[in-house]
Amino acid sequence: MVKGYSELANEAVSAANGVGYAYRDTGGDGVPLVLLQHFRGNLDNWDPALVNALAATRRVVAFDNAGVGGSTGTTPHTVGQMAHDAIAFLAAMGFSQVDLLGFSIGSFVAQQIALARPAIVRRLVLAASAPQGAAGMHGWAPEVIGAIGTPNTSPEAYLGVFFTPSAASLQAGRAALKRMYARTQDRDAATTWATREAQYDAVCSWGIPDHGRLQRVSGIAMPVFVAGGDSDPMILPHYSYLLAGLIPHAVVKIYPDSAHGFLFQYHDEFAADVGAFLAGRPAAGNPVTGPAEPGT
């Protein structure tokens with residue numbers, strides 16, 4: 001019997017950089033899909049419904065990067081070092097090639113991996129993402145960082161950033177939280193305040209306006225699927241169009257009535273879109289190429 005994500009054991013692997021990485025592995029054949037987590041997230045902050053849907057057709061591996069959750073080491077203050085730490089994990093796992101799904105700050109790390117070690121990345125999924133140097137990304141809005149950047153966040157604050165105020169979105173958000181907290185045994189270690197500080201330093205440095213750095217992503221040569229929510233207050237949807245327009249072989253899809261947690265709200269649809277993209281088929285909903293941002 002195949003285990004669901006909530007039932008997977010926490011495993012550990014030691015890498016050449018001296019870090020012991022905590023991870024969960026669904027098992028399976030073919031090129032693994034490796035997940036890169038959002039700001040302050042750990043293994044338990046992936047929606048099991050999403051991971052299970054992704055794992056229906058492929059091997060999926062989620063891990064805590066250096067200093068995060070159950071992994072040892074120290075969380076670095078730059079996206080570049082986070083990428084090198086992630087590459088060390090991939091090497092320790094013996095992965096010669098992977099597909100990457102990066103979410104939020106994880107999508108920044110995924111971009112950097114694709115640029116620094118392109119041979120290891122077959123296809124790339126960027127969820128709630130933005131290119132380095134984009135104007136307006138130098139830190140998050142006060143209401144956002146005030147909700148998810150405090151020492152003790154609440155479910156209400158999480159829902160306010162990851163889901164929209166609509167009844168349908170909030171219902172989906174509460175269901176996602178219930179799934180995430182259904183696991184009561186062998187939960188991952190909570191992320192620390194030091195990790196929060198280091199990750200937000202990395203976010204702010206990534207977001208320093210620098211028009212020249214926007215061109216970096218034109219070096220990403222593999223196929224890329226960019227996705228976001230139409231009402232994301234954390235990483236606005238126009239950054240998805242900007243990013244897709246700068247990457248040579250990218251498509252973009254924006255999910256309606258959704259915010260930062262669109263991939264949890266639309267877990268089945270998003271997983272189907274990702275699966276189609278990774279298989280080289282058009283994703284459902286006819287994603288469009290992104291040469292231009294809509295007039296919003």
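Leu35 and Val68 are assigned to two separate hydrophobic clusters, defined by single-linkage of ILVMFWY side chains at heavy-atom distances under 4.5 Å. Met222 and Val31 are not part of a single hydrophobic cluster, where members link through side-chain heavy atoms under 4.5 Å apart. A continuous path of ILVMFWY side-chain contacts below 4.5 Å connects Leu43 to Tyr181, so both sit in one hydrophobic cluster. Val19 and Ile120 end up in the same hydrophobic cluster when Ile, Leu, Val, Met, Phe, Trp and Tyr side chains are linked at under 4.5 Å.
We find the CG-CD distance between Leu170 and Gln265 to be 9.0 Å, quoted to the nearest 0.5 Å. Rounding to the nearest 0.5 angstrom, the gap separating the CG atom in Leu214 from the CG atom in Leu242 is 6.0 Å. Atom OH in Tyr266 sits 12.5 Å away from atom CG in Leu263 (nearest 0.5 Å). Put simply, CZ on Arg196 and OG1 on Thr153 are 11.0 Å apart, with the number rounded to the nearest 0.5 Å. Distance check, rounded to the nearest 0.5 Å: OG1 of Thr150 to CD1 of Ile145 gives 8.5 Å. Taken to the nearest 0.5 Å, the CG atom of Asp273 stands 4.5 Å off from the CZ atom of Phe225.
Looking at Arg40 and Gln199, their side chains never bring a donor and an acceptor atom within 3.5 Å of each other. Of the N and O atoms on the side chains of Asn10 and Asp186, at least one donor lies less than 3.5 Å from an acceptor on the other residue. A donor-acceptor contact closer than 3.5 angstrom is absent between the side chains of Arg117 and Gln112. Asp47 and His267 share no donor-acceptor pair across their side chains, judged by distance under 3.5 Å alone. Side chain to side chain, Asp257 and Ser169 fail the donor-acceptor criterion of an N or O pair below 3.5 Å.
The minimum heavy-atom distance between His249 and Ala221, with the atom names listed, is CD2-O, 3.2 Å. Between Leu124 and Ala110 the shortest heavy-atom distance is CD1-CB, 3.7 Å. The heavy-atom pair separating Phe163 from Ala176 by the smallest distance is CZ-CB, 4.3 Å. When all heavy atoms of Ala130 and Tyr239 are compared, the closest pair comes out as CB-CB, 3.8 Å. Of all non-hydrogen atoms in Ala250 and Ala244, the two that sit nearest each other are CB-O, 3.7 Å. The two residues Arg179 and Ser6 make their nearest non-hydrogen contact at O-OG, 4.2 Å.
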Just list the side-chain donor-acceptor pairs under 3.5 Å for residues 79-90, sequence neighbours left out, or say none.
from, atom 1, to, atom 2, distance (Å)
Gln81, NE2, Asp85, OD1, 3.1

Side chains of residues 49-63: which donor-acceptor partners sit under 3.5 Å, not counting sequence neighbours?
from, atom 1, to, atom 2, distance (Å)
Asn52, OD1, Tyr5, N, 2.7
Asn52, ND2, Pro48, O, 3.1
Arg59, NE, Asp25, OD1, 3.0
Arg59, NE, Asp25, OD2, 3.2
Arg59, NH2, Asp25, OD2, 2.5

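Counting only distance, with no hydrogens or angles, the side chain of Asn42 and the backbone of Ala189 share a donor-acceptor pair below 3.5 Å. Side chain of Trp140 to main chain of Met234: a donor-acceptor pair is present (N/O by atom type, distance under 3.5 Å, no hydrogens or angles). Of the possible polar contacts, one joining the Arg183 side chain to the Gln185 backbone as a donor-acceptor pair under 3.5 Å is found. Side chain of Ser240 to backbone of Val226: no donor-acceptor contact under 3.5 angstrom is found. Formation of a donor-acceptor pair under 3.5 Å by the Ser104 side chain with backbone atoms of Gln37 is not found in this model. Checking side-chain atoms of Arg123 against main-chain N and O of Phe277 turns up a donor-acceptor pair under 3.5 Å. A donor-acceptor contact shorter than 3.5 Å is absent between the side chain of Asp64 and the backbone of Ala22. Looking only at distances, no side-chain donor or acceptor of Thr191 sits under 3.5 Å from a matching main-chain atom of Gly69.
Ring-plane geometry between Tyr255 and Phe262 is classed as parallel, the angle between the planes falling under 30 degrees on a 0 to 90 degree scale with a further cut at 60. Between Phe103 and Trp46, the ring planes lie tilted relative to each other; the angle falls in the 30° to 60° range.
Legend: residues meeting side chain to side chain donor-acceptor pair (under 3.5 Å) with Tyr23, ordered by chain and number and at least two apart, are Glu11. Every residue two or more places apart in sequence or in another chain that forms a side chain to side chain donor-acceptor pair (under 3.5 Å) with Ser129 is listed here: Ser107, Gln111. The salt bridge (charged side-chain N to carboxylate O under 4.0 Å, His left out) test applied to Asp210 returns Arg213, not counting sequence neighbours. With sequence neighbours excluded, the residues satisfying side chain to side chain contact (heavy atoms under 4.5 Å, CB included) with Ala141 are Glu143, Val144.
Val34 is not listed as a side-chain neighbour of Leu101, based on a closest heavy-atom distance of 4.5 Å or more. Taking 4.5 Å as the limit, every side-chain heavy atom of Val125 sits out of range of all side-chain heavy atoms of Leu100. Counting only heavy atoms from C-beta outward, the side chains of Asp230 and Asp232 never approach each other to under 4.5 Å. Contact annotation: the side chain of Phe270 never approaches that of Lys253 to less than 4.5 Å [non-hydrogen atoms, C-beta and beyond]. Residues Leu126 and Val224 have side chains in contact (heavy-atom distance under 4.5 Å, counting atoms from C-beta outward). Counting heavy atoms from C-beta outward, Ile148 and Phe39 have side chains that approach closer than 4.5 Å. With a 4.5 Å cut-off on side-chain heavy atoms, Pro131 and Leu243 count as touching. The closest side-chain heavy-atom distance from Gln132 to Arg216 is below 4.5 Å.
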Check your understanding: Under the salt bridge (Lys or Arg N to Asp or Glu O under 4.0 Å) criterion, do Arg24 and Glu7 qualify, and how do the steps go?
Key -> CA-CA 10 Å; Arg24 293 178 190 160; Glu7 301 172 294; over 6 Å; no

Exercise for review: Under the side chain to side chain contact (heavy atoms under 4.5 Å, CB included) rule, what do Leu159 and Leu177 come out as? Steps first, then yes or no, please.
Suggested key: CA-CA 9 Å; Leu159 290 172; Leu177 282 174; 3.9 Å; yes

Check your understanding: Are His260 and Ile235 close enough, and set up right, to give a side chain to side chain contact (heavy atoms under 4.5 Å, CB included), and what steps lead you there?
Key -> CA-CA 7 Å; His260 203 61; Ile235 300 180; 4.1 Å; yes

Practice item. Test side chain to side chain contact (heavy atoms under 4.5 Å, CB included) on Tyr241 and Ile254 and set out the steps. Key: CA-CA 9 Å; Tyr241 288 99; Ile254 303 299; 3.5 Å; yes

Exercise for review: Show the numbers, then the answer: is there a side chain to side chain contact (heavy atoms under 4.5 Å, CB included) between Tyr158 and Met180?
Suggested key: CA-CA 13 Å; Tyr158 174 87; Met180 291 179 203; 3.4 Å; yes

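Enclosure of atom CD in Glu197 by more than 12 non-hydrogen atoms of other residues, nucleotides or ligands within 6.0 angstrom is indicated.
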